Amino acid sequence: MVLALPPLTECGDRLSYTLYEGNREILLQTQSIVVDWVCDRPPERHVGIAVVVCTRDRDTQLQVLVDQIAPQIGDVEGCIIVNQGKVALKDRLVLGGDQRKYRIFEQDNLGGAGGFTRGIMEAFKDQNVTHVLLMDDDVEVDAGLFCRLRSALAYVVSPKTCLGGAMIDLDDRDRLLSIGHGFDYTKAITTDLLPREGVRLRETEARSFLERPVDVDFCGWWFFCFPRQALEVSGLPLPLFLRGDDAEYGLRLKRAGFPTVMWPGIYVAHPHLLNQTRPWHQYYDRRNALVCAALQCGSVPSPAIIRLVRGVFNAIALYRYAEARAGVRALQTYFDGAEGLERWSEKEHRALVKDDEVMCQSLEYGQIFLKVFHTSLSRTTITVLRVSRDILARENAMATSAVKVDADCWKVGTVSRPGSVWLVSDRQVIHVWRDPVQARDIALSLLRVVFFLTIRPSRKPETLLRLATPSWWARRLGM
C-alpha cells in the first residue's frame with residue numbers, strides 16, 4: 001500500500017506516522033510489518049559511500065559494530081577496516097552480509113590520523129565511491145542509518161557539504177553528548193554546543209538540535225562523511241596521530257568551502273569522552289589545537305600561548321607534573337613544525353603514555369573538601385607564591401602523610417594545600433605530592449621553550465600542509 005502525502009510545504013517541518021488497528025496502536029517491532037518512506041522522483045545525484053573504520057585491539061567492540069553494519073551493507077559500496085593492533089584481524093572477525101564488500105588492511109600503529117587516512121586512500125581507488133564515512137571502532141549504530149545518510153546526500157545536501165552524526169551515550173541512550181563542535185582560534189580550544197555532561201533527549205534543548213540541520217566547525221570521526229571533491233581540493237588529514245586530527249581536517253575543509261552540517265536522524269552511540277583525561281590526552285589536545293589555530297590565523301595568537309603556559313603553571317601548583325610536562329612538550333613539538341610531526345611515531349607515543357601520575361588502589365571514603373579563595377586575584381597570588389616556593393624548596397613531600405582529598409575540589413587557589421595528597425574520585429585514586437626537583441625542571445623547560453618562541457621567527461604554518469599530500473602519505477604508509 002502506498003499513501004500519498006501532500007507537498008512538504010503543506011506538511012510542516014516534521015513527518016511521523018503511527019499505525020492503528022481500530023483504536024489500538026500497532027507496535028511495529030512486535031509485528032511483521034515493514035513501513036518506510038518512498039519518493040516518486042529519482043535522486044538528484046549518484047551516491048556511493050565507503051565506510052572506513054580504524055581499529056586497534058578492540059575486537060569485541062568492533063565485532064558488535066560489524067554485526068550492526070552487516071544488514072545495511074547493501075546501502076554502501078563497501079566497508080574498509082584498517083587494523084593497527086594485533087595482526088591477523090581477518091581470522092578473528094566474523095563478517096556478515098556480502099563479504100565481498102569488506103576489505104581489511106593491516107599496518108603499524110600511526111594513530112587515528114594514520115589509520116583513517118589509509119582507509120580514505122584505499123576507498124577512493126574505487127571510482128564508484130563519491131563519499132567516505134569515517135567511524136570509530138567503539139560506536140554502535142541503529143538499523144537504517146546508512147540508508148538515511150545516502151538519501152540525504154542523494155536528494156537534499158549540496159555536493160560540497162560534509163555530514164556529521166550526533167553522539168549519544170553508549171551507557172545511557174537517553175543522553176545526548178555531542179552535536180558537533182566549534183573552535184576558538186584565539187584561545188586554541190575546542191568549544192562544545194552542549195554541556196560537557198550532555199543533555200537528556202527529552203529536553204527542549206536536545207530536541208531543538210535534533211530537529212534541524214546544525215552548522216558546526218567540525219564533527220568528530222565517530223561519524224563524519226565527506227565527498228571525494230573535498231579530498232581533491234584540500235588533500236588528506238595531517239599526521240596528528242590522535243585527538244584533534246578530526247578538528248584539523250574538518251576546519252581545513254570548512255575553510256576550503258566544504259562545511260560540516262549535523263543532519264537530523266543521523267547519530268551513533270559512543271562511550272562518554274569525559275572518561276579519557278590522562279596527561280597524554282592533554283598533550284595531543286594542546287599540540288593539535290595549536291596547529292589548528294596556526295593554520296587558521298597564520299600564527300598562534302598570543303592568548304593561546306598564554307593559556308597553555310598558565311595551564312602548565314597551574315599543573316605544577318597541583319603537583320600534576322606529568323600533565324605539566326605534557327603541556328611543555330606540546331609547545332615544543334609545535335615549535336618543531338613539520339619536522340616534529342614527521343618524527344612522531346608509536347615509540348614517542350608509548351613514552352608519552354608511560355609518563356603518568358601514580359595510580360593507586362581504591363581507598364575508603366571520608367575524603368575532605370578544600371575551600372578556595374573567593375577572588376581571582378587572591379587565587380592567582382597564592383598560586384604564584386606556592387609555585388615559587390616549590391621551585392626553591394629542597395624537601396620532597398612523598399614520604400609525608402597523605403591527605404585524602406575529593407578530586408573535584410583539588411584546584412589552584414585553595415586555602416590550604418597539603419604536601420602529599422590522595423585524589424579520590426569515583427573511578428580511581430591518584431597520589432600526588434610536592435617534588436621540588438620536578439617543579440624546577442619543568443619551569444626551566446617552559447622558560448626555555450617560551451624564550452625560543454620569542455626570539456626565533458615563527459614557522460609558516462603552510463609548511464605543515466606538505467604532510468597532507470597523497471604522495472607524502474603514500475611514502476609514510478608504505479603504499
Side-chain angles (χ1 to χ4, degrees), residues 189 196 242-243 273-287 289-290 305-333 349 351-363 367-373 379-380 382-393 395-447 449-450:
I189 56 173
R196 296 300 300 276
L242 292 172
R243 296 177 73 94
L273 296 178
L274 284 182
N275 299 338
Q276 305 173 11
T277 54
R278 304 309 316 148
W280 64 271
H281 291 134
Q282 300 203 27
Y283 163 81
Y284 287 113
D285 287 340
R286 293 169 179 176
R287 184 199 69 178
L290 292 176
I305 300 295
I306 294 172
R307 179 178 176 272
L308 193 152
V309 171
R310 183 177 180 180
V312 172
F313 200 80
N314 289 342
I316 296 174
L318 296 173
Y319 315 145
R320 291 184 174 273
Y321 301 118
E323 180 181 326
R325 280 189 293 270
V328 175
R329 192 170 186 180
L331 195 57
Q332 177 64 60
T333 310
H349 172 70
L352 184 68
V353 171
K354 189 178 296 185
D355 186 13
D356 202 348
E357 279 98 9
V358 177
M359 311 293 290
C360 309
Q361 297 294 325
S362 178
L363 298 175
Q367 64 268 22
I368 65 172
F369 295 84
L370 299 177
K371 297 180 179 180
V372 299
F373 287 100
R379 292 193 295 270
T380 301
I382 194 67
T383 300
V384 171
L385 292 174
R386 284 171 173 171
V387 172
S388 301
R389 187 174 59 189
D390 289 352
I391 293 172
L392 298 174
E395 181 182 354
N396 188 310
M398 179 181 182
T400 60
S401 179
V403 177
K404 288 187 292 183
V405 174
D406 184 270
D408 291 335
C409 71
W410 182 241
K411 304 174 182 178
V412 294
T414 54
V415 176
S416 63
R417 187 182 67 143
S420 182
V421 179
W422 297 103
L423 297 179
V424 183
S425 65
D426 292 337
R427 302 184 184 90
Q428 60 192 9
V429 179
I430 299 176
H431 186 200
V432 297
W433 62 89
R434 183 176 60 251
D435 187 342
V437 175
Q438 292 193 70
R440 283 193 293 270
D441 288 345
I442 294 169
L444 289 174
S445 298
L446 180 61
L447 287 173
V449 174
V450 173

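All values below come from the heavy atoms of this structure, side chains included, with hydrogens, waters and symmetry mates left out. This is a predicted model, so every value here is computed, not measured. All residue numbers in this chain count up from 1 along the given sequence.
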First locate atom [atom1] of [X], then atom [atom2] of [Y], and finally report the distance between them rounded to the nearest 0.5 Å.
X	Y	atom1	atom2	result
Arg286	Leu308	CZ	CG	5.5 Å
Arg434	Met398	CZ	CE	14.0 Å
Leu370	Ile368	CG	CD1	5.0 Å
Leu446	Arg329	CG	CZ	15.5 Å
Asp356	Trp280	CG	CH2	10.0 Å

Requested in this report: Give the C-alpha distance, both sets of side-chain angles, the deciding distance and a yes or no for side-chain contact (heavy atoms from CB on, under 4.5 Å) between Arg278 and Met359.
Outcome: CA-CA 11 Å; Arg278 304 309 316 148; Met359 311 293 290; 3.8 Å; yes
Please examine the side chains of [Y] and [X], heavy atoms only from C-beta on, and report whether any two atoms are closer than 4.5 Å.
X	Y	value
His281	Val353	no
Gln367	Val405	no
Val429	Ser425	no
Val309	Val450	yes

Excluding sequence neighbours, so at least two apart, what forms side chain to side chain donor-acceptor pair (under 3.5 Å) with [X]?
X	answer
Tyr321	none
Asp441	none
Arg379	none
Asp355	Arg325

Using the side chain to side chain contact (heavy atoms under 4.5 Å, CB included) criterion, which residues pair with [X]? Sequence neighbours excluded.
X	result
Arg320	Ala315, Leu318, Glu323, Glu357, Trp410, Leu423, Ile430
Ala402	Ser420, Trp422, His431
Phe313	Thr383, Val384, Val387
Val449	Val328, Leu331, Gln332, Leu453

Requested in this report: Please name the residue in the list Ile391, Ile316, Asp435 that meets the side chain to side chain contact (heavy atoms under 4.5 Å, CB included) test with Ile442.
Outcome: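 It is Ile316; the other options fail the test.
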Query raised in the report: Counting N and O atoms only, with roles assigned by atom type, does the side chain of Thr400 sit under 3.5 Å from a partner on the main chain of Ala397, one being a donor and the other an acceptor?
Result: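 Yes, the answer is positive, given that a donor and an acceptor are paired below the 3.5 Å cut-off.
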Who are the salt bridge (Lys or Arg N to Asp or Glu O under 4.0 Å) partners of [X], not counting sequence neighbours?
X	answer
Asp390	Arg417
Arg307	none
Asp408	none

Report summary line: When every non-hydrogen atom of Phe373 is compared with those of Val415, the smallest separation belongs to CE1-CA, 3.7 Å
Report task. Evaluate the criterion side-chain contact (heavy atoms from CB on, under 4.5 Å) for residue pair Val421 and Trp433; output intermediate values, then yes/no. Result -> CA-CA 6 Å; Val421 179; Trp433 62 89; over 6 Å; no
Query raised in the report: Do His349 and Tyr284 have a side chain donor and acceptor closer than 3.5 Å?
Result: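 Their side chains do contain a donor-acceptor pair, which is all the 3.5 Å distance test asks for.
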